[in-house]
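As the structure is a prediction and not an experimental result, all values here were calculated from the model. For the numbers below, each heavy atom of this structure counts, side chains included, while hydrogens, waters and symmetry mates do not.
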Amino acid sequence: MDQNGQSKSPINVLANGHSPAASERLQIIDDEKKFTPDLSAQIEKWGLRDVGFGYNIVAVFGSQSTGKSTLLNRLFGTTFDVMDETRRQQTTKGIWMCRGKDMNVMVMDVEGTDGRERGEDQDFERKSALFSLASSEILIINIWEHQVGLYQGANMALLKTVFEVNLGLFGKNATGGRTLLLFVIRDHIGQTPLANLQATLTADLKRIWESLSKPPELTDCQLSDYFDLVFTALPHKILAADRFEAEVLNLRKRFVDKDAPDFLFKPVYHKRIPADGAAFYMENIWEQVQSNKDLDLPTQQELLAQFRCDEISTVALAEFNEQAKSQKRPVEAGRVVDGLGELMRNWRTDALTRYDRDASRYHQGVYKRKRADLVGALDATLSPLFIGQLKNLHKTCLVAFKKEMLDGLHGEGYNFADVTSKARERCLERFEAGAKEAVVEGTDWTWDDEMISLQEEVRSVADQCRKDETKKMVNLIERNFKKQISEPVELALNKAAPDMWDDILRTFRQTLDKAEASYLTKATSFNCTEEENATSLAVLRRRGWQGLRSKIDEQTADPVILAKLRGHFEERFRYDATGVPRVWKPEDDIDGAFKKAKDETLDLIPLYSKIQPTDPSLEYTLPADSLVAPTDSELGEDFEFATTLVVFTETKAIEITQKFRREADAYYVEAKRSTVASIAQIPYWMYGVLVVLGWNEAMAVLFNPLYFTFLLFALGTAWAIVQLGLVGPLFQVTRTIGNEVQRQASARLREHFATPELTDPIRARPHAMKEEEDEDGSLDRLQRRAQPM
């Protein structure tokens, strides 16, 4: 509680907790209808000058002494003067502005309507209401509950006038801009639901809108095309103070919480005026409002002049439109019309001459005003032709520039800078000549913006051509780089020496230095910037490293690395120190030779697994600008350079080790088998035993004609089989016959000894068939196992 016995709500504290700069208020329009020149400086003091579009403007409108200033102070933390409850007199004079506390919001407190101080002078009421409506994003209309449904009490008559004049002044420029009308119904006791009050006010507003006198081009526009309506109610400030403060706090959240679904400061309501231009914009709005003369009645002489000047202007404009129509289609079709500027100047001069000859006799004020309108209409018709001519010139010159660029780049030994400079100069000269010819004297037409746009596009096309040519050059250098490092890398990896990576990185650096020097030499004629050169070199370095890694990956793929390890092992196990193949003997140390060759070969796997030179000075690291590709999309995503130094991971190394061990073991077993074969030969003394024991049988065969003939036939048959190469097929046929005999015998034996389990032949048949299939499958598997590998 404060000293006066009133509760201090959070909103009261907010309203009183301002810093001096933020709480300082300014009277932007005084009670004599003069706009202050200090608004721009005050906006800078509020700290809003450099926020761009990051600000909002809200105004309050309503009858005098309805608590408008009090409501603003509680909603936005402003420090507007509030009415003394004991005196019931006007507090706010003119229009005041203050910045909301901790908000980029400029709040306008507008003098109340229907005050006794101004009496019947409603001029300032209309103008202040119109100004508030045109310059603010949200217009808070503060009314009492008992005023809803009243025409004067609810300010409906004033709103009608404001809407009508607003359409006349700003309706044509309001496309895409909307204003939120926030009706705050005060002292709402709840007997009449808010929905009913909302329906009443909406119906009144729509009825007023339908009765407006609208400009012809806005006849079909609706209220919803320009305004959004939102309604809220507040309890009685004194009788229900706690509820009033709570509802005001809830309403404040709708101005503060951008994530709330009912947030009021939506982008569609913003006037799209930067904060540093807001003061100038609002001053212009006030000048337009001040110069409105809707209540002035013209004299009879002026009425006659208006009627006749309109007729004369209409005839001149009709003839002019017929002339302009002849060139409208070619321009819209994209053609550059030769001499269009001369044609437009002649049409315009003829129309004005015709108007001046007939209309200059009438009231000079009306004559000049209507002439200005005619000039505006003529220029409005010619302006699209002028703009179309500029657009067509723009496209034509740009196409010609591209063609000249491409033609110049197709030649041999071209200088990119010279080709670009000459093509740009000719392009801009053609455009400037055509644009100057199309300008009509007496207009404010300029072609500077189109020239700037063309220059930017020409520069963009030239930059793109330079990037394409640079990219081609980088690709060519990259291909040559890969060719140059391919053979040295392959030789070094095949050698598998401890300094293998030293040789590879030394060759890589030398080749990369040559590639960079080649790029810088060729890039001098491209007028590349330092940034572009840095980017291209970064691309070249990264691609060079990726090319090296690609070659290393190719040479360390699983089949290739296993072949290298196998070759290294064979050189040490199957060949001696002089390179002669080894013939293993029983007395040779096979186990020792195998272990030594295998260990030496396994030591190569860690050497291959990581790019790590023995000389620290040869360690290579990509520069930081090469790790990130700023403009070259072909490089893909960023990567960790450290990971590219690992050729294969520890898991991969274990897998390769296991595969090699299996292959090495096969060589070991083969060597052992060769020694066993040499050991398993027949002793020489056995031949003597065979001769002694078989002498009688040999003599019997040799001296028996029948046996001797059979022996000769057998030897001849064997010789023929060997000569014809039928030894293998004969063994295969014999083995097949033997297997078949074995299978048939096994089947017969099983059938003989088998005991049938089922008596029903129908049920037993599938079972027997399944057993037969199982037996056949088992026999087939046995036969396959019996066959030699």
Determine, step by step, whether Thr381 and Lys325 satisfy the side-chain hydrogen bond (donor to acceptor under 3.5 Å, both in side chains) criterion, reporting the C-alpha distance in whole Å, the side-chain angles of both residues, the deciding distance to 0.1 Å, and the verdict.
CA-CA 9 Å; Thr381 302; Lys325 191 184 298 182; over 6 Å; no
Would Leu398 and Val458 count as a side chain to side chain contact (heavy atoms under 4.5 Å, CB included) here? Give the steps.
CA-CA 7 Å; Leu398 189 61; Val458 166; 4.1 Å; yes
Are the side chains of Glu450 and Lys391 in touch, meaning some heavy atoms are under 4.5 Å apart?
yes
Lys/Arg N to Asp/Glu carboxylate O, Glu342 vs Arg345, below 4.0 Å
yes
Compare all side-chain heavy atoms of Gln389 with those of Val336 and state whether any distance is below 4.5 angstrom.
yes
Do Gln290 and Lys127 have side-chain atoms, one donor and one acceptor, less than 3.5 Å apart?
yes
Please tell me whether Ser224 and Arg178 have a donor and an acceptor in their side chains that are separated by less than 3.5 angstrom.
no
Carboxylate-amine/guanidinium contact Glu311 Arg308, below 4.0 Å
yes
So which atom in Gly334 and which in Asn392 form the shortest heavy-atom distance, rounded to 0.1 Å?
CA-OD1, 3.3 Å
Please examine the side chains of Arg207 and Asp204, heavy atoms only from C-beta on, and report whether any two atoms are closer than 4.5 Å.
yes
Ser453 side-chain N/O to Asp449 backbone N/O, donor-acceptor pair under 3.5 Å
no
So which atom in Val439 and which in Trp445 form the shortest heavy-atom distance, rounded to 0.1 Å?
CG1-O, 4.5 Å
For Val107 and Trp96, run side chain to side chain contact (heavy atoms under 4.5 Å, CB included): C-alpha distance rounded to whole Å, both residues' side-chain angles, the deciding distance at 0.1 Å, then the answer.
CA-CA 8 Å; Val107 186; Trp96 291 75; over 6 Å; no
Note: Lys436-Glu432 ion pair, threshold 4.0 Å (strictly below):
yes
For the atom pair OG (Ser313) and CG (Leu374), what is the distance rounded to the nearest 0.5 Å?
4.0 Å
If I compare all heavy atoms of Met108 with all of Ser136, which pair ends up nearest, and what's the gap?
CE-CB, 4.3 Å
Would you say the side chain of Asp109 lies within less than 4.5 Å of the side chain of Thr78, judging by non-hydrogen atoms?
no
What distance do Phe61 atom CZ and Leu182 atom CG have between them, rounded to the nearest 0.5 Å?
14.0 Å
Interatomic distance, CZ@Phe131 vs CE@Met282, rounded to 0.5 Å, equals 3.5 Å
Would you say the side-chain atoms of Arg99 pair up with the backbone N or O of Met103, donor to acceptor, closer than 3.5 Å?
yes
Take a 6.0 Å sphere around CZ of Arg335 and say whether it holds more than 12 heavy atoms from other residues, nucleotides or ligands.
no
State, with a plain yes or no, whether a side-chain heavy atom of Glu322 is found less than 4.5 Å away from one of Glu319.
no
Taken to the nearest 0.5 Å, the spacing of Phe386 CZ from Thr446 OG1 works out to 7.0 Å
Quick one: sort the Tyr226 and Trp209 rings into parallel, tilted or perpendicular, breaks at 30° and 60°.
tilted
Flag yes if more than 12 heavy atoms outside Phe280 fall under 6.0 Å of its CZ atom; otherwise flag no.
no
Do the non-hydrogen side-chain atoms of Phe76 and Val58 ever get within less than 4.5 Å of each other?
yes
Charged N-O contact under 4.0 Å between Asp379 and Arg348:
yes
Rounded to the nearest 0.5 Å, the OG atom of Ser40 sits from the CZ atom of Arg49 at a distance of 4.5 Å
Gap separating the CG atom of Leu385 from the CH2 atom of Trp347, nearest 0.5 angstrom:
6.5 Å
Does a donor on one side chain and an acceptor on the other come within less than 3.5 Å for Tyr269 and Asn56?
no
Could you go through Trp447 and Leu393, starting from their C-alpha distance and side-chain angles, then the distance that decides it, and tell me whether this counts as side chain to side chain contact (heavy atoms under 4.5 Å, CB included)?
CA-CA 11 Å; Trp447 43 270; Leu393 272 171; over 6 Å; no
